[in-house]
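Okay, so here's the structure we're looking at.
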There are 2 protein chains.
Amino acid sequence: MEKNTIIDNEGLEKEKKKNFKENNCVVTNVFKVIGGKWKVLLINAIYNDCPKRFGELRREMEDVAQATLTSQLRELERDGIICRKAYAESPPRVEYKLTDFGKTLIPVIRSLENWWHNYAEYRNTL
Amino acid sequence: MEKNTIIDNEGLEKEKKKNFKENNCVVTNVFKVIGGKWKVLLINAIYNDCPKRFGELRREMEDVAQATLTSQLRELERDGIICRKAYAESPPRVEYKLTDFGKTLIPVIRSLENWWHNYAEYRNTL
DNA sequence: CAGAATCCTTAAGGATACTG
DNA sequence: CAGTATCCTTAAGGATTCTG
């Protein structure tokens with residue numbers, strides 16, 4: 001009984017900490033989806049010009065390695081942010097679009113961008 | 001001289017590419033400020049209970065190495081998101097607060113959190 | 001108590017070469 | 001054209017130890 005009380009207290013402590021982390025770590029999860037080095041760039045590019053071909057993206061990104069580009073696109077696809085359509089032609093053609101849900105990221109991205117612009121001014125005062 | 005020219009060209013190239021990235025992906029810059037593994041957690045914790053002592057943060061983060069915690073706090077301070085006040089007492093006491101500008105991050109963080117909650121439902125449909 | 005200093009591990013991303 | 005497949009580099013973060 002005594003022991004159970006102790007365990008319960010420990011349990012509560014753990015529960016508290018677990019809740020704390022889960023409630024606050026939500027953003028870490030978002031970063032896993034859009035935190036890749038080129039992902040926001042890709043999302044914006046595909047949003048602005050949809051559908052977008054692989055080659056176009058590669059040209060716009062300029063100095064990104066092809067393998068990296070493919071890998072970032074694959075992750076965005078896996079996470080349901082973009083969809084990929086390959087045409088059975090020769091030479092091959094692949095088009096990328098934002099999914100409807102992917103589009104819900106746009107305002108979120110804009111809020112990050114806006115914050116940065118305000119931040120830029122603030123930093124001059126530091 | 002020849003060598004210097006080459007070095008300068010390489011330097012310029014690198015600079016150019018760096019600028020491209022920074023100009024085109026504003027959000028990447030934001031991630032540099034709040035993208036650290038514990039930073040949003042720290043910002044929320046300090047926001048919810050301000051001022052916050054180092055020891056309190058350490059206890060709440062539970063499994064973060066002390067050196068990591070210090071490093072993340074230092075970066076947030078350098079970037080003007082939090083401010084640090086050390087008291088000349090023994091034992092030492094250090095308190096952290098959000099700066100006024102740091103507080104402008106809160107709604108941005110909330111928008112990320114909200115997006116995640118919607119995303120969680122969407123993922124079940126994938 | 002709140003660090004600093006040092007060393008170490010891992011994973012993201014990149015360079016390069018090859019292919020249907 | 002749009003990829004794979006390998007191999008490699010680097011930097012973030014962590015473990016550990018020491019200190020005013």
Side-chain angles (χ1 to χ4, degrees), chain A residues 21 25 27-42 45-46 49 51-79 82-97, chain B residues 10 13-14 16-18 20-22 24-25 27-42 45-46 51-79 82-97:
Chain A
K21 274 193 208 165
C25 252
V27 174
T28 301
N29 298 325
V30 179
F31 287 167
K32 282 178 190 160
V33 178
I34 62 169
K37 191 165 178 182
W38 304 92
K39 288 188 180 174
V40 173
L41 219 48
L42 288 170
I46 296 173
D49 184 17
K52 195 94 169 179
R53 295 190 57 170
F54 184 83
E56 293 180 291
L57 289 171
R58 192 153 73 100
R59 253 171 277 129
E60 286 186 13
M61 299 303 145
E62 232 179 11
D63 56 341
V64 60
Q66 210 173 3
T68 302
L69 186 52
T70 299
S71 138
Q72 304 263 311
L73 286 167
R74 285 285 181 283
E75 288 180 19
L76 286 172
E77 188 195 4
R78 179 203 63 196
D79 293 337
I82 64 176
C83 60
R84 173 184 184 275
K85 183 162 189 184
Y87 295 85
E89 303 171 353
S90 185
R93 180 163 57 105
V94 177
E95 286 180 351
Y96 293 94
K97 290 184 182 178
Chain B
E10 283 176 358
E13 256 327 281
K14 275 202 171 175
K16 224 174 109 184
K17 289 180 176 176
K18 196 180 154 220
F20 170 82
K21 281 187 211 166
E22 289 182 354
N24 286 278
C25 199
V27 175
T28 301
N29 298 323
V30 179
F31 288 167
K32 282 179 190 158
V33 178
I34 61 169
K37 189 166 178 182
W38 305 93
K39 288 188 180 175
V40 173
L41 219 48
L42 289 170
I46 296 173
K52 196 94 169 176
R53 293 191 57 172
F54 184 83
E56 293 179 289
L57 289 171
R58 191 154 72 101
R59 252 171 280 130
E60 287 187 12
M61 301 302 145
E62 222 181 17
D63 54 347
V64 58
Q66 210 172 6
T68 301
L69 186 52
T70 299
S71 138
Q72 303 263 311
L73 286 167
R74 285 284 181 284
E75 289 180 19
L76 286 173
E77 188 196 3
R78 179 203 61 195
D79 292 338
I82 64 176
C83 61
R84 173 184 183 275
K85 182 162 189 186
Y87 294 86
E89 302 171 354
S90 185
R93 179 162 58 105
V94 176
E95 286 182 351
Y96 293 94
K97 290 184 182 180

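Letters A, B, ... are given to chains in the order of the sequence lines, protein chains preceding strands, and every chain is numbered from 1.
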Hey, is the side chain of [X] poking within less than 4.0 Å of OP1 or OP2 on [N], counting only N and O atoms?
X       : N      : value
A/Trp38 : C/dG14 : yes
A/Arg53 : D/dA2  : yes
B/Arg84 : C/dA2  : no

Steps toward side-chain contact (heavy atoms from CB on, under 4.5 Å) verdict (B/Gln72, B/Thr68):
CA-CA 6 Å; B/Gln72 303 263 311; B/Thr68 301; 4.2 Å; yes
Write down the distance between [atom1] ([X]) and [atom2] ([N]), rounded to a whole number of angstrom.
X       : N      : atom1 : atom2 : result
B/Leu69 : D/dT16 : CG    : C1'   : 16 Å
B/Lys37 : C/dA11 : NZ    : P     : 10 Å
A/Lys85 : D/dC1  : NZ    : C1'   : 18 Å
A/Leu73 : D/dC1  : CG    : C1'   : 14 Å
A/Glu89 : C/dG20 : CD    : C1'   : 15 Å
A/Tyr87 : D/dA2  : OH    : P     : 12 Å
B/Arg58 : C/dA2  : CZ    : C1'   : 8 Å
B/Arg74 : C/dA5  : CZ    : P     : 11 Å

Please compare A/Pro92 and A/Thr70 by the position of their nearest nucleotide in DNA chain D and report the one closer to 5'.
A/Pro92
Identify whether any heavy atom of B/Tyr96 sits under 4.0 Å from a base atom; if not, whether one sits that close to sugar-phosphate; answer base, sugar-phosphate or nothing.
sugar-phosphate
Counting any heavy atom closer than 4.0 Å, what does A/Gln66 reach on the DNA or RNA strands: base, sugar-phosphate only, or nothing?
base
Intra- and inter-strand pairing of DNA chain C, written as dot-bracket with Watson-Crick and G-U pairs under 3.5 Å and | for the latter, reads ||||||||||||||||||||
Is the backbone N or O of A/Gln66 less than 3.5 Å from a side-chain atom of A/Thr70, with the two atoms forming a donor-acceptor pair by type?
yes
